[in-house]
Amino acid sequence: MPEQREKILEEACSLFLRDGLDGFSMRKLARAVGVTAPALYRHFESKEALLHDVLGEAYRRLSHQLYQALEGVTPWERMRLAGRGYVTFAIENPRLYDALFASPELVGLADIPDEVEAQGCAIGRFWNDRIRECMDAGILGPGDPEEVGLTMWGHAHGLITLYQRGLLMPGGQADTETFLEIYRASVDRMLHGVGGPLHDVARPTEVPAASVN
C-alpha cells in the first residue's frame with residue numbers, strides 16, 4: 001500500500017475510533033492527514049470506499065490478535081488465547097469492534113464488499129477450528145463445532161456489548177479490570193456448565209374438546 005494511502009487509512013481508523021460514524025467526515029480526515037479534502041479522493045474514490053477499507057483494517061487487526069493463539073502448545077491453550085485475543089481487540093478498538101457487527105446502513109454503507117465479508121468468514125473458521133481441535137482432544141464434549149462456536153461467540157459478544165454500552169453493572173460502568181474479571185468468570189461458568197442434565201418437560205394432558213362443557 002502506498003505510504004500516503006496507508007497514512008490516510010490509519011488516520012481514518014483513529015478518527016473512527018475517536019468520533020464514530022457521526023463524527024467521521026472526509027474534511028475532518030483531511031485536516032488530520034494534513035491535506036485538502038479533494039486530495040483524499042486521489043487515494044479513495046469515495047467515502048464509502050474508504051469505509052470499506054476501514055472495516056478491512058478492523059478485520060486485519062482482529063485477525064492479528066486471534067492468530068497469536070497459534071503460539072499455544074495445546075488445543076486448550078490455543079482456544080483460550082484466541083478468546084483472550086478477541087476480547088482484547090474489543091477493549092482496545094471499541095468503535096471498530098462495534099462497526100464489524102453493525103448492519104451496513106449503520107456504518108454508512110450500502111453493502112459490504114465480498115472481500116471484506118471473506119475476512120469475517122475466515123475469522124469464523126479460525127474460531128471453529130479451535131473448537132474442533134478441542135473436541136478432537138476430548139477437552140470439549142462432542143458436537144457441531146459451528147453450533148458450539150456460535151454459542152460461545154454469542155456469550156462473549158453479549159458480555160462485551162453490555163460492557164461497551166455501560167449496562168453490565170447496575171448503577172454505572174465497570175472499569176476494564178472489573179469487566180475482565182466478570183468476563184473470565186462467566187466464560188469459565190459457561191464452559192463448566194450451569195445446570196444438571198436436561199430432561200424432557202412433560203406436556204400437560206390436553207382436555208379433549210368433546211369433554212368441555
Side-chain angles (χ1 to χ4, degrees), residues 1 6 9-10 13-14 16-17 53-102 112-165 168-169 173-198:
M1 180 183 292
E6 187 173 0
L9 180 58
E10 186 63 31
C13 289
S14 298
F16 199 98
L17 276 170
D53 274 20
V54 168
L55 291 181
E57 177 62 20
Y59 275 127
R60 283 189 288 274
R61 293 184 185 188
L62 175 54
S63 298
H64 176 73
Q65 290 281 1
L66 290 180
Y67 293 168
Q68 293 181 57
L70 295 177
E71 297 175 3
V73 176
T74 65
W76 177 250
E77 187 178 356
R78 287 190 288 274
M79 189 182 76
R80 294 302 293 258
L81 287 174
R84 185 183 303 169
Y86 184 85
V87 73
T88 297
F89 170 82
I91 289 172
E92 293 180 353
N93 305 272
R95 293 189 184 274
L96 290 180
Y97 178 87
D98 208 26
L100 289 180
F101 300 107
I112 302 297
D114 291 343
E115 59 269 23
V116 176
E117 285 194 357
Q119 288 177 280
C121 290
I123 287 172
R125 286 193 297 271
F126 180 85
W127 176 243
N128 291 338
D129 285 345
R130 307 285 70 74
I131 303 297
R132 181 179 293 104
E133 66 175 1
C134 280
M135 288 179 174
D136 292 343
I139 297 168
L140 295 178
D144 184 329
E146 291 189 11
E147 292 179 359
V148 174
L150 177 62
T151 297
M152 296 177 71
W153 172 77
H155 174 267
H157 180 63
L159 287 176
I160 290 168
T161 301
L162 288 172
Y163 166 67
Q164 290 184 338
R165 302 291 187 276
L168 188 62
M169 298 179 65
Q173 173 67 295
D175 59 61
T176 300
E177 286 304 315
T178 300
F179 164 66
L180 288 175
E181 289 176 8
I182 294 171
Y183 180 86
R184 292 173 188 135
S186 186
V187 169
D188 287 342
R189 192 177 304 114
M190 179 190 63
L191 289 173
H192 287 90
V194 294
L198 296 176

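Minimum interatomic distance between Val54 and Leu9 (heavy atoms only, all atoms of both residues): N-CD1, 3.8 Å. The two residues Glu177 and Asp175 make their nearest non-hydrogen contact at N-OD1, 3.2 Å. Summarising the geometry of Met135 relative to Val148, their closest heavy-atom pair is CE-CG2, 3.4 Å, with the distance given to 0.1 Å. Shown here for Pro75 and Ala137, the closest heavy-atom pair between the two residues is CG-CB, 4.2 Å. The two residues Ala90 and Ile160 make their nearest non-hydrogen contact at CB-CG2, 3.7 Å. Considering every non-hydrogen atom in both Glu117 and Ile112, the closest pair reads CG-CG2, 3.7 Å.
Between Arg60 and Glu57, at least one side-chain nitrogen of the basic residue sits less than 4.0 Å from a carboxylate oxygen of the acidic one, meeting the salt-bridge criterion. For the pair Asp129 and Arg132, the salt-bridge criterion is met [side-chain N within less than 4.0 Å of a carboxylate O]. A salt bridge does not link Arg184 to Glu181: none of the charged side-chain nitrogens sits closer than 4.0 Å to a carboxylate oxygen.
Within the 4.5 Å cutoff, the side chain of Val187 has heavy atoms near those of the His155 side chain. A heavy-atom distance below 4.5 Å is found between the side chains of Ile91 and Leu180. Contact annotation: the side chain of Leu55 never approaches that of Phe16 to less than 4.5 Å [non-hydrogen atoms, C-beta and beyond]. By the 4.5 Å heavy-atom criterion applied to side chains, Met152 and Leu191 are counted as neighbours. Using a 4.5 Å heavy-atom cutoff, the side chains of Leu62 and Tyr97 are not in contact. You'll find the side chain of Ser63 stays beyond 4.5 Å of the side chain of Gln119, heavy atoms only. Contact annotation: the side chain of Arg130 never approaches that of Leu66 to less than 4.5 Å [non-hydrogen atoms, C-beta and beyond].
Put simply, the side chain of Arg78 gets close to the backbone of Val73: a donor and an acceptor are under 3.5 Å apart. Side-chain N or O atoms of Thr88 include one that pairs as donor or acceptor with a backbone N or O of Arg84 at under 3.5 Å.
Atom CG in Asp98 sits 5.5 Å away from atom CD in Gln164 (nearest 0.5 Å). Here OG1 of Thr176 is found 14.0 Å from OH of Tyr183. Values are rounded to the nearest 0.5 Å. Asp53 contributes atom CG, which lies 8.5 Å from atom CD of Glu115 (distance to the nearest 0.5 angstrom). The OH atom of Tyr59 lies 11.5 Å from the CG atom of Leu96; values are rounded to the nearest 0.5 Å. The line from CG of Leu100 to CD1 of Ile123 is 7.5 Å long, rounded to the nearest 0.5 Å. The distance from the CG atom of Leu140 to the CE atom of Met79 is 5.0 Å, given to the nearest 0.5 Å.
Under the side chain to side chain contact (heavy atoms under 4.5 Å, CB included) criterion, Asp114 pairs with no residue at all, not counting sequence neighbours.
Between Tyr86 and His157, a ring centre-to-centre spacing not shorter than 6.0 Å is recorded.
Counting heavy atoms of neighbouring residues, nucleotides and ligands inside a 6.0 Å radius, atom CZ of Arg61 exceeds 12 of them.
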